[in-house]
Amino acid sequence: MSRQALIVVDMQNDYFPTGKWPLAGVEEAAGNVARLIEATRRSAKPVVFVRHESTRDDAPFFAPDTPGAQLHPTLLNRDEESVVLKHHINAFRDTELKTILDDKSIDELLIVGAMSHMCIDALARAAVDMGYKTTVIHDACASRDLVFNGLTIPASHVHGAFMAALEFGYARVLSTEEYLAESESSNL
């Protein structure tokens with residue numbers, strides 16, 4: 001039987017409107033993340049939080065020991081829930097994430113958080129490469145506008161392109177409502 005964990009990635013103060021690197025739609029995504037955390041806790045499945053701190057002296061956000069690098073107050077872990085500190089885009093790189101998952105016999109990941117085009121994408125791809133069955137909840141993730149070759153790509157397009165790529169070859173990509181309805185029907 002499959003054992004799933006919810007991985008909440010980088011839902012930290014600097015990504016919110018008063019932070020140093022605000023994301024488009026982050027408050028809506030956070031509301032969905034909160035719903036998924038509560039549903040996961042009710043089902044007695046593990047929730048693992050991932051928190052990024054930059055190692056660069058000139059970091060534009062997530063500087064160590066700053067309020068911006070802390071988990072957003074609406075999405076805090078409980079004492080018994082793990083918080084993985086990472087310094088790279090991929091949450092598996094140089095962290096204890098895999099050990100935590102292995103210790104709990106996890107073989108399926110539900111991934112939410114930020115940023116869609118960076119840490120969510122990297123974690124989902126690495127998870128699949130490591131053999132985890134992977135689902136990304138698209139409306140519980142957030143991104144931002146990007147610029148390439150003088151062209152500004154709106155956050156909604158960035159997010160959509162990355163979700164489409166993940167769905168094409170790496171993960172199931174569902175909405176919060178789809179996932180919660182599926183979970184509820186499987187628990188009947």
Side-chain angles (χ1 to χ4, degrees), residues 1-12 15 21 23-26 28-37 39-40 43 45-52 62 75 82-146 148 153-183 185-186:
M1 181 170 173
S2 181
R3 181 140 163 86
Q4 183 185 69
L6 173 63
I7 311 298
V8 180
V9 181
D10 298 353
M11 292 303 284
Q12 297 164 246
Y15 279 157
W21 203 258
L23 303 181
V26 71
E28 294 84 1
N32 287 325
V33 171
R35 291 175 62 203
L36 292 161
I37 289 170
T40 302
S43 68
K45 295 177 184 173
V47 181
V48 178
F49 293 79
V50 176
R51 191 174 70 78
H52 192 106
F62 294 164
L75 303 169
S82 298
V83 179
V84 174
L85 178 63
K86 70 180 177 73
H87 302 294
H88 302 283
I89 295 167
N90 177 352
F92 284 111
R93 183 176 171 193
D94 299 331
T95 72
E96 71 274 11
L97 179 58
K98 182 153 182 9
T99 301
I100 290 167
L101 298 174
D102 289 348
D103 288 349
K104 297 177 184 301
S105 300
I106 300 299
D107 60 3
E108 184 175 345
L109 302 184
L110 182 65
I111 299 173
V112 299
M115 293 187 287
S116 305
H117 64 281
M118 294 296 290
C119 299
I120 298 301
D121 182 66
L123 177 59
R125 290 172 187 256
V128 171
D129 288 346
M130 296 171 85
Y132 294 99
K133 181 178 175 186
T134 303
T135 301
V136 175
I137 305 300
H138 67 82
D139 59 358
C141 297
S143 193
R144 61 181 288 125
D145 292 356
L146 295 179
F148 177 73
I153 301 108
S156 62
H157 294 194
V158 172
H159 175 77
F162 276 81
M163 293 299 113
L166 288 174
E167 185 176 52
F168 181 78
Y170 281 91
R172 289 185 346 138
V173 178
L174 302 174
S175 70
T176 301
E177 291 302 325
E178 290 169 329
Y179 173 77
L180 291 174
E182 187 179 276
S183 284
S185 69
S186 69

Practice prompt. Using side chain to side chain contact (heavy atoms under 4.5 Å, CB included) as the criterion, list what pairs up with Ala114, not counting sequence neighbours.
Written response: Met11, Tyr15, Leu23

Fill in: Atom of Phe92, atom of Leu109 and distance for their closest heavy-atom approach
CZ-CD1, 4.2 Å

Discussion item. As an exercise, state the distance from CZ of Phe49 to CG of Leu6, rounded to the nearest 0.5 Å.
Written reply: 7.5 Å

Worksheet item: Which heavy-atom pair separates Ala91 from Leu123 by the least distance, and what is that distance?
Response: CB-CD1, 4.1 Å

Worksheet item: Can you list every side chain to side chain donor-acceptor pair (under 3.5 Å) pair that touches residues 114-131, not counting sequence neighbours?
Response: Ser116-His159, His117-Ser143, Asp121-Arg125

Item to complete: Could you pull out all residues at least two apart from Glu167 that satisfy side chain to side chain contact (heavy atoms under 4.5 Å, CB included)?
Response: Val173

Worksheet item: Between Gln4 (side chain) and Leu110 (backbone), is there a donor-acceptor pair under 3.5 Å?
Response: no

Discussion item. List the residues meeting side-chain hydrogen bond (donor to acceptor under 3.5 Å, both in side chains) with Thr95, not counting sequence neighbours, and say none if there are none.
Written reply: none

Response to the item:
Here the gap from Ile153 atom CD1 to Arg144 atom CZ, rounded to the nearest 0.5 Å, amounts to 12.5 Å

Item to complete: Quick one: list whatever passes side chain to side chain contact (heavy atoms under 4.5 Å, CB included) with Leu85, sequence neighbours left out.
Response: Arg51, Glu53, His87

Discussion item. To check you understand the geometry: which heavy-atom pair defines the closest contact between Ala124 and Leu166, and what is its length?
Written reply: CB-CD2, 3.9 Å

Practice prompt. Using side-chain hydrogen bond (donor to acceptor under 3.5 Å, both in side chains) as the criterion, list what pairs up with His88, not counting sequence neighbours.
Written response: Arg93, Asp94

Response to the item:
CG of Asp139 to CG of Leu36, rounded to nearest 0.5 Å, is 8.0 Å

Worksheet item: When rounded to the nearest 0.5 angstrom, what is the spacing between CG in Leu97 and CG in Asn90?
Response: 8.5 Å

Worksheet, complete the sentence: Between Ala127 and Thr134, the two heavy atoms sitting closest are CB-OG1, 3.6 Å

Worksheet entry | For Asp102, all residues meeting side chain to side chain contact (heavy atoms under 4.5 Å, CB included), sequence neighbours excluded | Lys98, Tyr132

Worksheet item: Would you call Lys45-Glu108 a salt bridge at under 4.0 Å N-O?
Response: no

Worksheet item: Rounded to the nearest 0.5 Å, how far apart are CD1 of Ile37 and CG of Leu75?
Response: 5.0 Å

Item to complete: Mind checking the CE-SG spacing from Met163 to Cys141? Nearest 0.5 Å is all I need.
Response: 4.5 Å

Worksheet entry | Closest approach of Val26 to Ala142 (non-hydrogen atoms, all atoms of both residues) | CA-CB, 3.8 Å

Discussion item. Can you give me the closest heavy-atom contact between Ile89 and Cys119, atom names plus distance?
Written reply: O-SG, 3.5 Å

Item to complete: Apply side-chain hydrogen bond (donor to acceptor under 3.5 Å, both in side chains) to Arg35 and list each qualifying residue two or more places apart in sequence or on a separate chain.
Response: Asn32, Glu177

Discussion item. Before you tell me yes or no, could you show the steps for Arg172 and Glu178 under side chain to side chain contact (heavy atoms under 4.5 Å, CB included), namely the whole-Å CA-CA distance, both residues' side-chain angles and the distance that decides it to 0.1 Å?
Written reply: CA-CA 11 Å; Arg172 289 185 346 138; Glu178 290 169 329; over 6 Å; no

Worksheet item: Residues in side-chain hydrogen bond (donor to acceptor under 3.5 Å, both in side chains) with His138, at least two apart?
Response: none

Practice prompt. Could you walk me through whether Asp10 and Met115 pass the side chain to side chain contact (heavy atoms under 4.5 Å, CB included) test, one step at a time?
Written response: CA-CA 8 Å; Asp10 298 353; Met115 293 187 287; over 6 Å; no

